[in-house]
Number of protein chains: 2
Amino acid sequence: MPLTNKPTAKQVAHAAGVSISAVSRAFSPNAPIDHQKRKRILAAAEAIGYVSPARRTAEIIAEGTITLVAGDLLNPFYPTVLDLLARRVQESGRQLVVYALPANSDVDAATDQILASRPSAVIVTSAQLTSKMARACRQHQIKVVLLNRVQRDIRINAVACDNYQGGRDVGRLLLERGHRKIGFIGGVANTSTHAERARGFREVLAEAGVRIHAQALGDFEYPGGYRAGQALLSMNDPPGAIFCCNDIMALALIDVARERGIRVPDDLAVVGFDDIPMASWNAYRLTTVRQPVELMVQEALSLIDDPNIKPTDDGITRMLTGSLTLRNSS
Amino acid sequence: MPLTNKPTAKQVAHAAGVSISAVSRAFSPNAPIDHQKRKRILAAAEAIGYVSPARRTAEIIAEGTITLVAGDLLNPFYPTVLDLLARRVQESGRQLVVYALPANSDVDAATDQILASRPSAVIVTSAQLTSKMARACRQHQIKVVLLNRVQRDIRINAVACDNYQGGRDVGRLLLERGHRKIGFIGGVANTSTHAERARGFREVLAEAGVRIHAQALGDFEYPGGYRAGQALLSMNDPPGAIFCCNDIMALALIDVARERGIRVPDDLAVVGFDDIPMASWNAYRLTTVRQPVELMVQEALSLIDDPNIKPTDDGITRMLTGSLTLRNSS
DNA sequence: AGCGGCATTGAAAATTTTTCACTTTCTCGA
DNA sequence: TCGAGAAAGTGAAAAATTTTCAATGCCGCT
């Protein structure tokens, strides 16, 4: 028995009841070995804490990778995020892997695949981080950052726009403009984005003794926003102002108004949230809360690069202030 | 001297005038070795064709990577492409690396970084492939596919929508609708996308004895399309139909028309190219040529996965037919 | 000038990977 | 069904690589 306590392939061979060359084969991607035996050997190696030198080199090289797990790449908000994030990651000599979560799917099914290549960090956006994945990342010393999202059920790093404050800003604006019959089009009810924007908005109205006059859910998408807009503008006593908790739904609402001869903002003020590029198009000129995308990307990478923040730590949340961007829709 | 001709670290040590352990250190990312000596050893190793087992394992694992090099992630056409591509790549057990080219920058500066991790394939989109990068990919046995682009100066694999045929389809449609004062808003003059769409359009008009009544360039972006639209609609004798060689510019043109009280399509027919999601919004209902995105992604991956197509081959071009998508703008 | 700390280095020890002969299993054709 | 050949898997041993450790050189400080 050697005096050193550093795990060796010999110990793994003994624990798994195979030869040393089988252990070497199990760690070599192309080497012929029975699939079940490979699994057994790798499990024994993990229990002992052994990684072959070849595999260790591959993992050190993979530490130059950050993986973005995205639940909604089709949302027009994300090209800007992705472009910025990719460029910042590259500038630091690293590479960005993009993993698109299939619709109606959570990260559990993808955890093994995402972590197989041992990225140095994982950024999750427009998706729910599960406790299984959080645990697996901690076990492999991989930092996780939620981007544009906050979760209360898991202690994890997060960078997000202050949706609550943004909702308050919108409420205040509409009250200042004299509106009292105020509507609200929400996104998806059990998401923090919807909840926080709605909560801030509602509280400011309530502080002024105003209740939401009418509301509907729009699924954060154009068709949903269109339907919700139709419902609200079909009322006998329709609202004179509507806050949509994202821009796409606000643009759809403006299209509904236009089709009904309702003038924006004279007959109906419309406010969105995000400041996607289309919000500034002349057809819309949408007043909206601009998310601080540059700062969000920068802060996410700062959390990842901060040596004092460990993958096993409880997590830090950084809320960044959005800015009300006034255009013609209000 | 062993009878086998497989390169060894011993040969590299001899060629570089160092010890065998220095060779091992040169291939180990964290090992202490003088920087210049490391470069010298790695150069000698490359000349001999030697790669250490550890480094080879890292490269084999990296063969599970496809890198997308993108010149314009902000274009609303690309979220769909990216989402589809990422999902197809994942489904085959691989990962997608995204490299965003900085504006006004070509792939030469990024070649070393892109190829350092030895992806199994590189897909280039909205960017010009340079001969330096083509050569480097061939040398490292990495397949390259141009996506949504064709280049004449380099023999390389390419998958693209048949822009020429799409331009012809648009020309035919406008002629059938009785238009004779026909305008054209182009993108960027020295891009194949612009040139082929323009060429097909022009030829169909010429075959009917019609010349383009008015034209301008719009940079493939909303502000440029808006300016071009203003120029054309300010004419004494403005066109009654305009083909914009991408959708964004067509949407901007529709905004200009609306602001001037010009009814679309009664006073001005507008046709775009791409079928981005915004084209179907009720504010626009744009007639456009839909790019076959699903098929393009599928064909690009087919080229990559076809064992009969070698990285050093001359290249195959697959042109896929777009489909005219009729909406209210025409 | 001397000492300590750090970086680098090659020889040698330790470890890992590859080779090769052997065994077992699978496939195909008669 | 049977037999031959091919393919897959295996461990022992040879070959190759990685790690260890002692030595050297350099730098900064007292």
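Just so you know, these numbers use all the heavy atoms, side chains as well, and skip hydrogens, waters and symmetry mates. Note on naming: letters A, B, ... go to the chains in the order of the sequence lines (proteins, then strands), and numbering restarts at 1 for each one.
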Please evaluate the base of D:dT10 for a donor-acceptor partner in the side chain of A:R38 within a cut-off of under 3.5 Å?
-> no
What nucleotide among [options] has an atom nearest to a side-chain atom of [X]?
{"X": "A:S21", "options": "D:dG11, C:dA12, C:dT17", "value": "D:dG11"}
{"X": "B:T8", "options": "D:dG9, D:dT17, C:dT18", "value": "D:dT17"}
{"X": "A:V18", "options": "C:dT17, D:dG11, C:dG10", "value": "D:dG11"}

Is [X] near enough to [N] that one of its side-chain N or O atoms lies under 4.0 angstrom from OP1 or OP2?
{"X": "A:S19", "N": "D:dG11", "answer": "yes"}
{"X": "B:K6", "N": "C:dT19", "answer": "yes"}
{"X": "A:K37", "N": "D:dT10", "answer": "yes"}
{"X": "B:Y50", "N": "D:dT17", "answer": "yes"}

Looking at [Y] and [X], is there a salt bridge between them, counting it only when a charged N and a carboxylate O are closer than 4.0 Å?
{"X": "B:D306", "Y": "B:K143", "value": "no"}
{"X": "A:D34", "Y": "A:R38", "value": "no"}
{"X": "B:R88", "Y": "B:D83", "value": "no"}

Hey, which of these two, B:T57 or B:P32, hits DNA chain C nearer its 5' end, going by closest nucleotide?
->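 Here B:P32 is the residue nearer the 5' end.
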Of B:R25 and A:S24, the one whose closest DNA chain C nucleotide lies more 5' |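 Taking each residue's closest nucleotide, the earlier one in sequence belongs to B:R25.
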[X] has an atom [atom1]; how far is it from atom [atom2] of [N], in whole Å?
{"X": "A:D34", "N": "C:dT25", "atom1": "CG", "atom2": "C1'", "value": "12 Å"}
{"X": "B:R55", "N": "C:dT17", "atom1": "CZ", "atom2": "P", "value": "15 Å"}
{"X": "B:H14", "N": "D:dT17", "atom1": "NE2", "atom2": "C1'", "value": "19 Å"}
{"X": "B:I20", "N": "C:dG10", "atom1": "CD1", "atom2": "C1'", "value": "10 Å"}
{"X": "A:I41", "N": "C:dT16", "atom1": "CD1", "atom2": "C1'", "value": "14 Å"}
{"X": "A:I33", "N": "C:dT24", "atom1": "CD1", "atom2": "C1'", "value": "16 Å"}
{"X": "B:K10", "N": "D:dT18", "atom1": "NZ", "atom2": "P", "value": "16 Å"}
{"X": "B:F27", "N": "D:dA16", "atom1": "CZ", "atom2": "C1'", "value": "14 Å"}

Quick one: are A:V144 and A:M133 in side-chain contact, heavy atoms under 4.5 Å?
-> no
Side-chain donor-acceptor pair under 3.5 Å between B:S117 and A:Q95, yes or no?
-> yes
Indicate, with a heavy-atom threshold strictly under 4.0 Å, whether A:R56 touches base, sugar-phosphate, or nothing.
-> sugar-phosphate
Would you indicate what A:A31 reaches in the nucleic acid, counting non-hydrogen atoms under 4.0 angstrom: base, sugar-phosphate, or nothing?
->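 Answer is nothing: A:A31 stays at 4.0 Å or more from every strand.
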